[in-house]
Amino acid sequence: MSKIAQQNSTPGVNGISVIHTQPHASGLQQVPQLVPAGPGGGGKAVPPSKQSKKSSPMDRNSDEYRQRRERNNMAVKKSRLKSKQKAQDTLQRVNQLKEENERLEAKIKLLTKELSVLKDLFLEHAHNLADNVQPISTETTTTNSDTAGQ
C-alpha cells in the first residue's frame with residue numbers, strides 16, 4: 001500500500017534544483033524540497049536587480065561611464081549640501097530654543113518675585129485685620145437681644 005513516490009529533479013534559479021514529487025498511493029503528498037544543483041553546494045541567492053548590473057566592467061573612457069560619473073558626482077554634491085543645510089537648520093533651531101529658554105527662566109524669576117511680594121502684602125493685610133477686629137463680648141449680645149424682645 002505504501003508505494004514510493006517518484007521524484008523528478010529540474011534545475012532552478014541560482015544553482016538550486018527543486019524536487020517534484022508525485023502523490024503516494026495513500027493520497028498524501030510529500031512536500032517539495034530545495035536541494036543544491038551543483039556539487040559545490042548552494043550559494044547566496046542574488047536578486048534579479050543585482051544580477052545583470054555588473055556583467056562587464058565599463059570602459060572609463062566611454063561616454064556612458066562619464067555620464068554616470070557626472071550624475072553620481074552631482075548627486076553626491078546635492079546630498080552633501082542637503083546635509084550641511086540640515087545641520088545649519090538644526091543649529092539655528094538650537095539657538096532659538098536656548099534664547100527662548102533664557103527668556104522663560106527670566107520670566108519665572110520675575111513672577112516668583114511678584115508672588116513673594118503679593119504673599120507678603122496679603123499676610124500683612126490679614127495680620128492687620130486680625131489685630132483690628134475686637135472680640136464680641138457676651139454682654140453686648142445679651143443686651144441687644146433683651147431690647148429686641150421688648
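All figures in this text were calculated on a predicted structure; none of them were measured in a lab.
Residue pairs satisfying the side chain to side chain donor-acceptor pair (under 3.5 Å) criterion with at least one member in residues 79-91, sequence neighbours excluded, are listed as follows: Gln85-Asp89.
Applying the side chain to side chain contact (heavy atoms under 4.5 Å, CB included) test to Leu97 and every residue at least two apart in sequence or in another chain returns Arg93, Glu100.
Between Asn72 atom CG and Arg68 atom CZ the span is 10.5 Å, to the nearest 0.5 Å. Distance check: Leu115 CG to Leu110 CG gives 11.5 Å after rounding to the nearest 0.5 Å. To the nearest 0.5 angstrom, Arg69 atom CZ is 12.5 Å from Arg66 atom CZ. Rounding to the nearest 0.5 Å places CG of Asn132 at 10.0 Å from NE2 of His127. Note that the CG atom of Asn128 and the CG atom of Leu123 stand 11.0 Å from one another [nearest 0.5 Å]. For the atom pair CD of Gln96 and CG of Asn101, the computed distance is 13.5 Å after rounding to the nearest 0.5 Å.
Between Glu114 and the options Leu118, Thr112, Val117, a side-chain contact (heavy atoms from CB on, under 4.5 Å) holds for only Leu118.
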